[in-house]
Participant: 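There's a structure below that I have some questions on.
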Amino acid sequence: MAHRTPILAGNWKMHKNHLEAIQVVQQLAYRLEDRDYEHAEIAVCPPFTALRSIQTLIQGDDLKLQLGAQDCHWEDQGAFTGEVSPPMLAELDVAYVVVGHSERRELFGEDDATVNAKARAVLTHGMRPIVCVGETLEQREAGEAEGVVRRQLDGSLAGITAEQMAEVVVAYEPVWAIGTGKTALPSDADEMCGAIRTRIAEQYGQAVADGLRIQYGGSVKPGNVKDLMGQEHVDGALVGGASLDPEDFAVLCSYHRL
Ligand code: PGA
């Protein structure tokens with residue numbers, strides 16, 4: 001099996017002002033100090049308003065954390081009131097940008113073409129997109145989960161080269177598991193992450209697919225992280241609620257010690 005460095009990313013969503021954000025990261029850093037977590041990459045994705053403060057903190061204290069953003073526009077600049085561009089993020093040493101989160105798709109009308117434009121723009125500016133896909137409960141119950149995820153994957157990754165795929169992270173987040181306390185069974189998560197890998201192999205070849213990191217997201221907590229991360233095709237977690245609690249997130253980061 002190819003070696004893949006696991007990646008755990010905390011998606012803070014619309015929580016924490018920049019002062020609170022500093023506190024969370026300081027507390028996280030303190031809790032990570034005596035934990036063994038360096039086998040994995042850890043990223044924090046605060047709101048845009050906290051990126052600069054967290055960048056300064058990470059660099060000033062030489063923290064082993066990556067900075068992530070939760071979204072971006074696809075153009076470099078222009079008359080797009082309220083939007084933030086990829087080069088603006090790259091300038092703040094942002095390493096990862098979440099694109100196509102189900103909340104963006106559902107609440108802000110983003111489709112696969114939008115997500116694709118964002119993912120490509122992120123890659124163009126030397127950052128890594130975390131491309132989110134996942135089915136709703138209705139789609140799962142109708143037996144459509146795999147087809148839905150495959151369609152999202154194909155649309156969101158259109159035009160991305162094999163070389164660029166090495167920089168892409170895919171996050172499988174079943175919509176019904178996000179913020180609900182309902183987690184996918186580790187075997188179901190693995191099955192879908194495996195299907196994602198198979199699809200990537202069909203399009204990019206086995207070597208690219210073997211190197212692809214696929215996160216599971218949806219109510220990941222200290223109590224279920226180990227089982228999820230133990231699955232063959234699950235290479236990380238995209239964590240919402242539990243990433244706001246420094247203790248919980250620190251535990252998640254050292255899941256292999258649980
Ligand atoms: P949750 O959110 O961990 O709170 O379920 C996950 C996400 O939306 O990325």
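Atoms within a ligand are numbered from 1 in the order they appear, just like the ligands themselves. Numbers here simply count residues along the sequence, with the first being 1.
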Participant: Which protein non-hydrogen atom lies closest to atom 4 (O) of ligand 1, naming both residue and atom, and how far is it?
Facilitator: Gly241 N, 2.8 Å
Participant: Does Arg197 use its side chain to pair, donor to acceptor, with the backbone of Ala209 at less than 3.5 Å?
Facilitator: yes
Participant: Which option out of Glu173, Lys13, Gln70 puts a heavy atom nearest to atom 9 (O) of ligand 1?
Facilitator: Glu173
Participant: Tell me the contacting part of Ile178 for ligand 1: side chain, backbone, both, or neither, using a 4.0 Å heavy-atom threshold, strictly below.
Facilitator: both
Participant: Give the numbers and elements of all ligand 1 atoms closer than 4.0 Å to a heavy atom of His101.
Facilitator: 7 (C), 8 (O), 9 (O)
Participant: Salt bridge or not for Asp248 and Lys221, using N-O below 4.0 Å?
Facilitator: no
Participant: Using a 4.0 Å cut-off to any heavy atom of Gly218, which atoms of ligand 1 qualify?
Facilitator: 5 (O)
Participant: Name all pairs fulfilling the side chain to side chain donor-acceptor pair (under 3.5 Å) condition that reach into residues 174-183, sequence neighbours left out, sorted by first residue then second.
Facilitator: Glu135-Trp176, Thr183-Asn224
Participant: Evaluate Lys221 for polar contact with ligand 1, using N/O atom pairs at a separation under 3.5 Å.
Facilitator: no
Participant: Test your reading of the structure: does Ser219 have an N or O sitting under 3.5 Å from an N or O of ligand 1?
Facilitator: yes
Participant: Heavy atom of Ala242 under 4.0 Å from ligand 1?
Facilitator: no
Participant: I'd like to know if Asp111 pairs up with Arg105 as an ion pair, taking the criterion as any Lys NZ or Arg NE/NH1/NH2 lying under 4.0 Å from an Asp or Glu carboxylate oxygen.
Facilitator: no
Participant: Heavy atom to atom 3 (O) of ligand 1, shortest distance: which of Gly10, Gly240, Ala237, Pro174 holds it?
Facilitator: Gly240
Participant: Can you tell me if Gln139 uses its side chain to pair, donor with acceptor, with the backbone of Thr136 under 3.5 Å?
Facilitator: yes
Participant: When you group the ILVMFWY residues by side-chain heavy-atom contacts below 4.5 Å and let the links chain together, are Ile42 and Val94 in the same group?
Facilitator: yes
Participant: May I ask whether Gly179 places a heavy atom under 4.0 Å from ligand 1?
Facilitator: yes
Participant: With a 4.0 Å heavy-atom cut-off (strictly under), which part of Ala177 contacts ligand 1: side chain, backbone, both or neither?
Facilitator: backbone
Participant: Indicate yes or no for a side-chain donor-acceptor contact from Glu167 to the backbone of Met127 under 3.5 Å, with no hydrogens or angles considered.
Facilitator: no
Participant: Is a donor on one side and an acceptor on the other found under 3.5 Å between the side chain of Asn116 and the backbone of Ala158?
Facilitator: yes
Participant: Thr180 to ligand 1: N or O pair under 3.5 Å?
Facilitator: no
